[in-house]
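As C-alpha cells, the structure follows; a few thoughts come after it.
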2 protein chains.
Amino acid sequence: MPETATRKPAERKRGSGVQFVYNVLRDEILDLALAPGTPIDEIQLAQRLSMSRTPIREALVRLAGEGLVTTLPNRSTVVANIDFLNLHTFFDALTLMYRVTTRLAALNHQADDLVTIRARQAEFAKAVEEQDALAMIATNREFHAAIAAAARNPYYESLFLRLLDEGRRLLRLYYSSFNDQLPKRYVVEHEDMIAAIEARDVEKADALANEHADQIVEQIRNMIARDHRQKIAL
Amino acid sequence: MPETATRKPAERKRGSGVQFVYNVLRDEILDLALAPGTPIDEIQLAQRLSMSRTPIREALVRLAGEGLVTTLPNRSTVVANIDFLNLHTFFDALTLMYRVTTRLAALNHQADDLVTIRARQAEFAKAVEEQDALAMIATNREFHAAIAAAARNPYYESLFLRLLDEGRRLLRLYYSSFNDQLPKRYVVEHEDMIAAIEARDVEKADALANEHADQIVEQIRNMIARDHRQKIAL
DNA sequence: GTGAAAATTTGTGTCGACAAAAAAAATACA
DNA sequence: TGTATTTTTTTTGTCGACACAAATTTTCAC
C-alpha cells in the first residue's frame, strides 16, 4: 500500500473542500497511486482527509464527469479502467487535438503566450537532461497545455487537457522503460513547433504537431507491445 | 415567469435523485426556460422538486463540469451565459466535430447504426414538413448524435454532444425566425450524408459534413446579425 | 455436507441542521 | 442628505445521522 496523503483537520478555508479532495484524488489517480479499478470508499476517504462525506461525494461527481472514476449505482465508485482495446480512439483524438491546438496557437497567440510556452519547454528540456521520466511526462503535458491556452479555443482546450491527463496515466504505466534517445528528439521537435508558432506559419505548425503526435503515439504503442510480450512470457 | 415543473414527493426510487434533478435542470437550461445568467437558488429548487439540497448540489456540480452553469464560490451558481464574443471558437469546434464524426461513421459504422440514423432522419424530415422549429432543433441534434455514436470514438462524441447542446440553446434564441427554405435543404444534405456513410466514402462524407456545418453556421450567423440590427433599431 | 433462506454487515443516497460568508438592511454620524 | 459602519437576513459549505440497497455471513432445513 502506498504512502497515503493525510492532512490535519480544520486548517482549510471554507469552500475549498471540494477542490482539495478533487486535487488529491485526481493526482493519485493520474499518478496511478490509485490503480485502475480500485474502489473508492467514501467513509475511508472522509477519515483520511478529515472531512465529511459531502464534499467528497461532490468531488467524485466531478471526477466522474471527466471520466476519471466510474460510479456504480448503490455500489462503490471505482477508479476508471484503462481501455486498452479502444486505445486507437484515444490516439486518434489526441493527434487531432495536437494538430488543431498547435494550428490555432500559430494563428491566435499573443506576445506573452510565447514566454509561457518557452518557460514550459525549458522545464521539459531540463527533465530530459536529467533523465527524469516522471518530470518529462508532467512537463510535456504543461508544454502542450500552454500551446492549447494560446490557441484560445476553450472547447479544444478542455478535450485536449482531458486527453493529456489520460496520456499521463498511460505513460505512468511504462515510465521506467524510457530510453534516452527519443526524448531528445522531442526537445528538438518542440523547438521547431515554437518557431512555427512564432512565425505564424499555420501549415508548418500543423505538420510538425502531426509528426510529433505520431512519434508519441508510436512510442506508447511500442511500450505497450513490449509490455505485452513480457506478459505472455510469464 | 415560466410554468415551472413541480413533482410530487416520494415517488422516485432511491439513487435516481441526482439524475432526475440533472435532467430537469439541463432541459430547462437548454430550452432557455432558465435564461442565461439566472441565479439558481438551491433551497428554492429543493422545495420545487421535493428533495433535499444534497442531490441538487451534486447535479449542479455535474452541470458545472459540462459548462452549463457557473459556480461562484460562496455565492449562487448561475446559468451559464452565451458568449457571443467568442462564438467563432464554438463554430470552429462544431464544424470540426461534424466532420470527424461523419468521417468516422463512414469508416466504422455497423449495420444497425444506419437503421438508427435513418429513423432520426425521418423524425427530422417530419419536423421540417410540419414546420415545427423546436422539433427541428431537437431532431437535428439526435440525427447527428446518432452519427457520432456510429463513429465509435467516445472523446469526439462527448465533445460533439456538448457542442450540439450549446447549439440547441443558441438556436432556441432565434427559433421563431426560421424561414422554410433552408430546412428543406438540410433534409437533402442529411440524405446525402447517409448515402456517403453507407457507401463508406470517407472523403465524400467529410466534404458533405463540412458543407453542412458551413450552412448551419451561416444560418446562425444570419439570425444573430438580423437580431442585432433589430436591437440597434430600438 | 450442501444448498437455500435469513440475518448481519457494509457502504451508498438522502435528509435536516448548523456555521460561515456574502448581501441587504438599518443605523449612526457628518 | 449622503456616506460609513453595524446589524440583520439570506444562502452557501459542511456536518452527523438515518434509511435503504447490495454483499456477505450465518443459520437452518434436508
Side-chain angles (χ1 to χ4, degrees), chain A residues 1 4-26 28-29 34-35 37-65 68-80, chain B residues 1 4-26 28-29 34-35 37-65 68-80:
Chain A
M1 192 176 289
T4 49
T6 313
R7 299 298 189 287
K8 289 291 182 296
E11 290 181 17
R12 246 171 290 107
K13 292 171 209 155
R14 171 195 165 85
S16 67
V18 176
Q19 186 68 33
F20 175 73
V21 179
Y22 172 83
N23 286 335
V24 169
L25 276 181
R26 185 172 171 281
E28 293 187 353
I29 292 172
L34 292 173
T38 308
I40 298 178
D41 186 330
E42 296 175 5
I43 299 174
Q44 205 173 314
L45 237 186
Q47 290 173 348
R48 180 154 76 90
L49 303 183
S50 313
M51 49 172 48
S52 128
R53 277 176 53 221
T54 308
I56 285 172
R57 292 192 110 247
E58 294 185 6
L60 287 177
V61 170
R62 221 171 121 186
L63 289 167
L68 291 178
V69 302
T70 309
T71 306
L72 313 173
N74 276 317
R75 200 93 51 81
S76 71
T77 75
V78 299
V79 177
Chain B
M1 194 175 288
T4 49
T6 314
R7 299 297 189 288
K8 290 290 179 295
E11 289 181 21
R12 244 170 291 106
K13 292 171 209 155
R14 170 195 167 87
S16 67
V18 176
Q19 186 68 32
F20 175 73
V21 179
Y22 172 83
N23 286 334
V24 170
L25 277 181
R26 184 171 172 283
E28 294 187 353
I29 291 173
L34 291 174
T38 308
I40 298 178
D41 186 332
E42 296 175 6
I43 299 175
Q44 205 173 311
L45 237 185
Q47 289 172 348
R48 180 154 77 88
L49 302 184
S50 313
M51 50 172 49
S52 126
R53 279 175 51 221
T54 309
I56 286 172
R57 292 193 110 248
E58 294 184 6
L60 287 177
V61 170
R62 218 171 123 187
L63 289 166
L68 291 178
V69 303
T70 310
T71 306
L72 313 173
N74 277 319
R75 198 98 48 82
S76 72
T77 76
V78 299
V79 178

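Order of the sequence lines sets the chain letters (A, B, ...), proteins ahead of strands, with each chain counted from 1. In this text the structure is predicted, and so the values were computed from the model without any measurement.
Looking at A/Leu25 and A/Leu45, their side chains come closer than 4.5 Å, going by heavy atoms from C-beta outward.
Residue A/Ile40 is classed as a sugar-phosphate contact, given heavy-atom separations below 4.0 Å to backbone atoms only.
Computed from coordinates, the B/Glu42 CD to D/dT14 P distance equals 11 Å when rounded to whole Å. A/Leu72 places its CG atom 12 Å from the P atom of D/dA22, with the value rounded to the nearest Å. Rounding to whole angstrom units, CD of residue A/Gln47 and P of C/dT10 are separated by 13 Å. Summarising the geometry, the separation between CD1 on B/Ile43 and C1' on D/dT10 is reported as 8 Å, rounded to the nearest angstrom. Computed from coordinates, the B/Leu45 CG to D/dT12 C1' distance equals 14 Å when rounded to whole Å. In this structure, A/Asp41 places its CG atom 18 Å from P of D/dA22, rounding to the nearest Å. Computed from coordinates, the B/Glu58 CD to C/dT14 P distance equals 7 Å when rounded to whole Å. A straight line from CG of B/Leu49 to P of C/dC15 spans 11 Å, rounded to a whole angstrom.
Considering every non-hydrogen atom in both B/Ile43 and B/Arg53, the closest pair reads CG1-CD, 3.9 Å. Heavy atoms only, all atoms of each residue included: A/Pro39 and A/Ser76 are closest at CB-OG, 3.5 Å. When every heavy atom of A/Val61 is checked against every heavy atom of B/Glu58, the shortest pair comes out as CG1-O, 3.6 Å.
Closest to the side chain of A/Asn74, out of C/dG11, D/dT12, D/dA21, is D/dA21.
The side-chain contact (heavy atoms from CB on, under 4.5 Å) test with A/Ile40 singles out one residue from A/Val78, A/Leu60, A/Thr71, and that residue is A/Leu60.
Between A/Arg53 and the phosphate of D/dG16, there is no side-chain N or O to OP1/OP2 separation shorter than 4.0 Å. In this model, the phosphate group of C/dT14 is not approached by any side-chain N or O of B/Thr54 to a distance below 4.0 Å at OP1 or OP2. Between B/Arg75 and D/dT12 there is no side-chain polar atom (N or O) within less than 4.0 angstrom of OP1 or OP2. Considering only side-chain N and O atoms, A/Ser52 lies nowhere under 4.0 angstrom from the phosphate OP1 or OP2 of D/dT14.
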